[in-house]
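For reference, the structure is listed below as structure tokens.
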Amino acid sequence: MKPMNDLHRRAIACARNLLVVSAALLGITDAAAARTDGPPNIIFILADDLGYGELGCYGQERIKTPTLDQLASEGIRFTQFYSGSTVCAPSRAALLTGYHSGHGQIRGNSNPPLAAEPKTLAVLLKNAGYSTGIIGKWGMGGINSEGAPLAQGFDEFVGFIGHKDAHTQYPDHLYRGSERWDLPKGTYANDVFTSEAVDFVNRNNEKPFFLFLSYTIPHQQLLVPSLGDYASEPWPESEKTKAAMISHMDRGIAQVLNSLRQHELDENTLVLFTSDNGPHTEGGTDPEFFESNGPLRGIKRDLYEGGIRVPMITRWTGTINPDQTSEQVWAMWDVLPTLLELAGVQPVSGRDGISLKPALVDGRTIDHGPLYWEFYERGFAQAVRKNNWKLLKTTTSSLELYNLATDIGEDNNLAADRPEVVMELMPLLTEMRTDSERWKISEAGQKKKKKSDKKKQQTNK
């Protein structure tokens with residue numbers, strides 16, 4: 001075959017340009033046409049300890065989050081979405097398995113690895129033909145355990161394998177796949193996560209993919225490459241750093257979204273953003289400074305709304321109508337069945353979650369059954385929400401009842417005034433959980449008593 005001369009090349013280029021123009025006149029491009037016929041790509045972005053009130057689109061006035069604010073304007077901002085727990089591990093387990101903390105195998109941060117069964121969201125999507133990747137914080141099992149990312153349905157993994165490692169913002173190593181990956185000194189972990197996420201999109205843009213992007217912001221350690229515009233603010237150093245971290249993550253997310261645009265994937269990619277639990281006090285930050293929990297009471301490790309109600313933003317250009325605010329009640333364990341249905345994957349039975357496809361795609365509010373949480377640190381606590389009523393059984397076994405329709409801040413305990421509602425909800429605290437050999441109520445109470453006794457001894461010294 002003779003090599004092409006310049007005339008041949010120009011003729012071929014001209015023909016290609018005519019095809020592109022013709023497609024444009026029809027309102028499509030070849031790339032878009034090829035990708036809109038199949039199931040959507042999915043990018044699930046998870047912040048670490050980001051409070052309900054720490055984004056501009058949720059009322060924050062001092063921390064700048066223009067990317068996430070725009071994402072909300074292009075899709076749905078949910079005001080009643082709940083994390084899987086008030087701490088990291090059980091919340092992430094709820095996402096991956098579709099079970100709430102009353103039925104999950106992981107109910108606290110001192111967790112066993114995820115087991116091979118039930119199959120995780122990543123396994124189910126991978127079996128349906130998706131390329132799958134987890135970038136960032138894992139925390140669901142050691143690198144050689146059955147809970148390792150590659151054993152739980154992910155084709156690729158780059159990040160921290162354990163929770164304690166993820167407390168370091170400038171690590172000397174991460175993991176790539178199942179191998180240790182040594183990093184140059186001064187490498188900011190979350191910048192690695194952003195660049196790896198962009199690379200994942202670039203390499204998988206011609207087939208459906210599921211990317212779980214799990215930042216470690218704004219969790220401790222409170223460090224960031226630059227304070228940027230916050231450097232001159234007359235704020236405590238910890239608060240300037242926290243604000244800069246959140247804005248830094250926002251800019252990283254912008255890079256990931258730009259990679260979608262470059263590959264004309266906006267119309268075939270569902271993007272979700274949320275947080276694993278409420279805001280923290282670690283590293284010297286004060287949630288009151290930025291009103292990090294918005295109008296809510298409580299923070300991380302509380303079962304009050306501020307510990308478990310978190311932002312949720314969803315965008316799917318061309319499928320989800322823009323500029324929506326939804327009061328739909330749903331939770332982290334609903335994500336698995338929702339994404340499976342949107343991806344056209346056969347639903348799995350026996351999980352706690354339900355599909356919220358009507359709320360995302362059709363803009364309809366659907367009835368959700370009772371939601372349940374339990375927590376083992378500082379003793380044993382439970383919470384259940386049914387309709388607008390929320391019942392808490394605290395670590396001291398006292399009962400608190402709130403009407404969230406009129407008391408979002410949980411200021412007015414109605415347990416004594418509405419005993420009939422308490423009696424209606426009380427059975428759910430038993431019915432919505434199963435006993436666990438790993439997570440025992442009696443042991444949680446004993447640990448609380450030991451801590452209390454130790455504190456009293458130290459006070460009396």
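This chain uses plain numbering: 1 for the first residue, then up along the sequence.
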Do [X] and [Y] pair up side chain to side chain, a donor and an acceptor below 3.5 Å, judged on atom types alone?
X	Y	value
H263	N202	yes
Y82	Q80	no
R315	Q70	no
E54	Y52	no
H173	D165	no
Q221	Y170	no
Y215	T194	yes
D334	T338	no
Y230	R62	no

Within the side chain of [X], is there an N or O that forms a donor-acceptor pair under 3.5 Å with the backbone of [Y]?
X	Y	answer
D69	C57	yes
H280	P218	yes
T97	T120	no
E239	D286	yes
S131	F209	no
T187	L183	no
D250	L68	yes
N293	R297	no
Q324	S73	no
N403	W389	no

Looking at side-chain heavy atoms only, is the closest gap between [X] and [Y] below 4.5 Å?
X	Y	result
L257	I253	yes
I134	S214	yes
L125	V345	yes
L336	V348	yes
Y304	L296	no
L222	S238	yes

Task: Which atom of Q105 lies closest to which atom of P118, heavy atoms considered - done: NE2-CD, 3.8 Å
TODO: State, to 0.1 Å, how close G84 and A94 come at their nearest heavy-atom pair, and which atoms those are.
DONE: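 Heavy-atom minimum between the residues: CA-CB, 3.9 Å.
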Open item on the list: Tell me whether the NZ or CZ atom of R309 lies within the 45° cone about the ring axis of F78 and under 6.0 Å from its centre.
Closed with: no
Task: Cationic tip of R433 above W439 ring, under 6.0 Å, 45° of axis - done: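 Judged by the rule (NZ or CZ under 6.0 Å from the ring centre, within 45° of its axis), R433 is not positioned above W439.
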Open item on the list: Check the orientation of H103 and Y99. Use parallel for under 30°, tilted for 30 to 60°, and perpendicular for over 60°.
Closed with: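 Aromatic pair H103/Y99 classed perpendicular.
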Open item on the list: Tell me whether the rings of F289 and W235 are parallel (<30°), tilted (30 to 60°) or perpendicular (>60°).
Closed with: perpendicular
Open item on the list: I'd like to check the ring-ring contact (aromatic ring centres under 6.0 Å, His included) partners of Y402; sequence neighbours left out, ordered by chain and number.
Closed with: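 With neighbours one apart ignored, the set is empty.
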- [ ] Could you pull out all residues at least two apart from H368 that satisfy ring-ring contact (aromatic ring centres under 6.0 Å, His included)?
- [x] none
Open item on the list: For Y372, run the side chain to side chain donor-acceptor pair (under 3.5 Å) check against H100, K386, R385, Q382 and tell me which one passes.
Closed with: Q382
- [ ] Please identify each residue that fulfils side chain to side chain contact (heavy atoms under 4.5 Å, CB included) with E341, with sequence neighbours left out.
- [x]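 Testing E341 for side chain to side chain contact (heavy atoms under 4.5 Å, CB included), a comparison that skips the adjacent residues, returns S355, K357.
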Task: Full working for side chain to side chain contact (heavy atoms under 4.5 Å, CB included) between R301 and V87 - done: CA-CA 6 Å; R301 293 187 173 85; V87 292; 3.7 Å; yes
Listed partners of [X] passing salt bridge (charged side-chain N to carboxylate O under 4.0 Å, His left out), at least two apart:
X	value
D155	K126
R351	none
D276	R92
K137	D48

Task: Interatomic distance, F375 atom CZ to S85 atom OG [nearest 0.5 angstrom] - done: 6.0 Å
Report the residues that fulfil side-chain hydrogen bond (donor to acceptor under 3.5 Å, both in side chains) with [X], sequence neighbours left out, ordered by chain and then residue number.
X	value
T79	none
Q328	none
D199	R203
K119	E117

Task: Derivation of the side chain to side chain contact (heavy atoms under 4.5 Å, CB included) call for V335 and L96 - done: CA-CA 8 Å; V335 172; L96 292 172; over 6 Å; no
Task: Residue pairs passing the ring pair (Phe, Tyr, Trp, His ring centres under 6.0 Å) test where at least one lies in residues 104-143, sequence neighbours excluded - done: W138-F154
